[in-house]
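Here's the structure, in C-alpha cells; my notes come after.
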Amino acid sequence: MKYIDLHTHSTCSDGTDSPASLVRLAAKAGLAAVALTDHDTISGLHEAEQAGREHGIEVVRGCELSVGTEQGEVHILGLFLPQDPTSLEELENALQYLRDHRSRRNAQIVQKLQEMGLEIDYEAVLNRLGDRAGGESVGRPHIAKLLQEKGYVSSIREAFSVYLGNKGKAFVPKKVLKVSEAMGLLQRSKATICLAHPGLMACSHKWLDSFVAKLKEQGLHAIEAYHSEHAPAAENMCKTLAKKYELAITGGSDYHGNSKPQIVLGFGKGNLRIPEGILDTLRNA
Ligand code: AMP
Ligand code: ZN
Ligand code: FE
Ligand code: FE
C-alpha cells in the first residue's frame with residue numbers, strides 16, 4: 001500500500017524546505033502524492049510540479065487560506081487548483097491582497113517590538129529569507145525565528161507566548177477572509193475545498209457540526225480527518241462529520257520543515273499514514 005500527504009508548507013510561506021526539496025523528500029519517503037498548500041500563495045506550485053516529474057511523484061496543486069469565524073481563525077485548503085491562468089486570476093489577486101496585508105502587519109509587529117526596545121528590523125526578517133524560492137508569504141514564524149536568533153527568546157514557543165501570540169505584547173491581528181469570500185473564491189477557481197484540521201479548534205462539537213453544515217451549503221468537498229495534531233478521537237469525529245454531510249476525507253501532515261521539527265513529511269508525529277485511495281476519492285469529489 002502506498003501513502004500520500006496532502007498538506008505541506010514550503011519556503012514560499014512558513015516552511016523551511018524549498019518546493020523542490022520538499023517534493024524530493026516526499027518521493028524519498030516513498031509517498032505516491034504530495035500536495036503543496038502554502039499559506040496565501042501558489043508561487044511554489046510550478047517548481048514543485050517540475051520536481052514531481054523529475055522524481056516520479058504526483059504533486060497536487062493547493063493552497064491554505066485563513067477565514068474568520070466567531071470561534072476564531074479557521075483554515076481552508078483548496079486542492080487540485082487548475083493550471084490555466086484565467087481560472088486562477090481571481091484567486092491570485094485575492095492572495096496578493098492578503099500578502100499585502102501581511103507585509104503591513106509584519107511592519108506593525110516589528111514597530112511594536114522596536115518600541116519595546118528590541119533591536120530588530122523588518123529588512124532583517126526579509127533578508128533572512130535570502131533567495132529562497134518565493135519566500136513571499138511572510139508571517140509571525142519568520143519574526144519568531146529572528147527573535148530567537150537574536151537571543152531575545154530561547155524558543156519559537158516563547159516568541160509566541162511573550163510577543164507574537166494573541167496574548168503577546170506585540171500582537172497584531174491578521175487580515176482574514178470571510179468564510180463566504182474564501183468559499184466563493186475557491187469554488188470559482190474550481191478547487192476541491194477542504195476544511196483543514198477541525199480537531200485543532202477550541203469550539204464545541206455543536207458549533208463545529210453547524211459550521212460544517214454551512215460550509216457544505218457553500219461548496220465544501222472534504223474534511224481533513226488525518227492530521228499530525230489530531231488525536232484518534234478527533235480523527236473519528238471528522239470521519240463521522242464527513243459521513244453525516246456526505247463529504248470526502250482528506251489528510252496531511254502539515255509539514256513545515258525545521259520550523260516544526262517534530263512533524264515528519266508523510267508520517268506526522270510517527271503514526272500518520274494516509275492511504276493513496278483517499279486521493280482518488282478526493283479527485284472525484
Ligand atoms: P501568521 O500566519 O503570521 O499569523 O502565523 C501563523 C503561524 O504561526 C501558524 O501557521 C503556526 O505555524 C505558527 N504559530 C502560531 N502560534 C504558534 C505558537 N504558539 N508556537 C509556534 N508557532 C505558532
Ligand atoms: Zn504554516
Ligand atoms: Fe493550518
Ligand atoms: Fe498548514
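Read the numbers this way: they start at 1 and go in the same order the structure lists the ligands and their atoms.
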query = Under 3.5 Å between some N or O of ligand 1 and some N or O of Arg140?
reply = yes
inquiry  = Suppose we only count N/O/S atoms under 2.8 Å; would His256 qualify as near the Zn ion (ligand 2)?
reply    = yes
message = Under 2.8 Å from the Fe ion (ligand 3), can any N, O or S atom of His197 be found?
response = yes
ask   = Do the side-chain N and O atoms of Glu49 and Gln83 include a donor-acceptor pair separated by under 3.5 angstrom?
value = yes
Which residue and heavy atom of the protein sit nearest atom 2 (O) of ligand 1, plus the separation = Lys174 NZ, 2.9 Å
task = Evaluate the ring-ring contact (aromatic ring centres under 6.0 Å, His included) criterion for residues His197 and His75: first the C-alpha distance (whole Å), next the side-chain angles of each, then the deciding distance (0.1 Å), finally the verdict.
result = CA-CA 8 Å; His197 44 65; His75 293 176; 5.1 Å; yes
task = Answer whether the closest heavy-atom distance between the side chains of Thr281 and Ile249 falls below 4.5 Å.
result = no
key: Test applied, side chain to side chain donor-acceptor pair (under 3.5 Å); reference residue, Ser10; option that passes from Asp38, Asp17, Thr37, Thr16   = Asp38
key: Arg99 and Gln96: side chain donor to acceptor below 3.5 Å   = yes
query = Quick one: does Tyr226's side chain get under 4.5 Å of Thr250's, heavy atoms only?
reply = no
Which segment of Leu164 sits under 4.0 Å of ligand 1 when only heavy atoms are counted = neither
ask   = For the Fe ion (ligand 3), which N, O or S atom of Glu64 is at the shortest distance?
value = OE2
query = So, are Arg283 and Glu58 salt-bridged, with charged N and O less than 4.0 Å apart?
reply = yes
ask   = Looking at atom 7 (C) of ligand 1, what's its closest protein heavy atom, distance included?
value = Pro141 CG, 3.7 Å
note = closest protein heavy atom to atom 19 (N) of ligand 1 is Phe160 CB, 3.4 Å
message = Can you confirm whether the side chains of Ser228 and Asp254 place a donor and an acceptor under 3.5 Å from each other?
response = no
query = Quick one: does Gly165 get within less than 4.0 Å of ligand 1, heavy atoms only?
reply = no
task = Distance to 0.1 Å, residue and atom name: give those for the protein heavy atom nearest to atom 9 (C) of ligand 1.
result = Asp14 OD2, 4.3 Å
task = Number the atoms of ligand 1 from 1 as they appear, then name those within less than 4.0 Å of a heavy atom of Lys260, with their elements.
result = 11 (C), 12 (O)
message = Under a 4.0 angstrom heavy-atom cut-off, which atoms of ligand 1 come close to Gly139?
response = 3 (O)
task = Please determine, by modelled atom types, if Glu64 and His9 share a side-chain donor-acceptor pair under 3.5 angstrom.
result = yes
inquiry  = Taking 4.0 angstrom as the limit and counting only heavy atoms of Arg102, give me the atoms of ligand 1 inside it, by number and element.
reply    = 1 (P), 2 (O), 3 (O)
inquiry  = Let me check your reading of the structure: within less than 2.8 Å of the Zn ion (ligand 2), is there an N/O/S atom from Asp38?
reply    = no
task = Find, among atoms of His75 that are N, O or S, the one nearest to the Fe ion (ligand 3), and state its name.
result = ND1
From the candidates His39, Arg105, His9, Arg157, the one that places a heavy atom nearest atom 1 (P) of ligand 1 = Arg105
message = Using side-chain heavy atoms (C-beta onward) and a distance below 4.5 Å, is Leu81 in contact with Thr192?
response = no
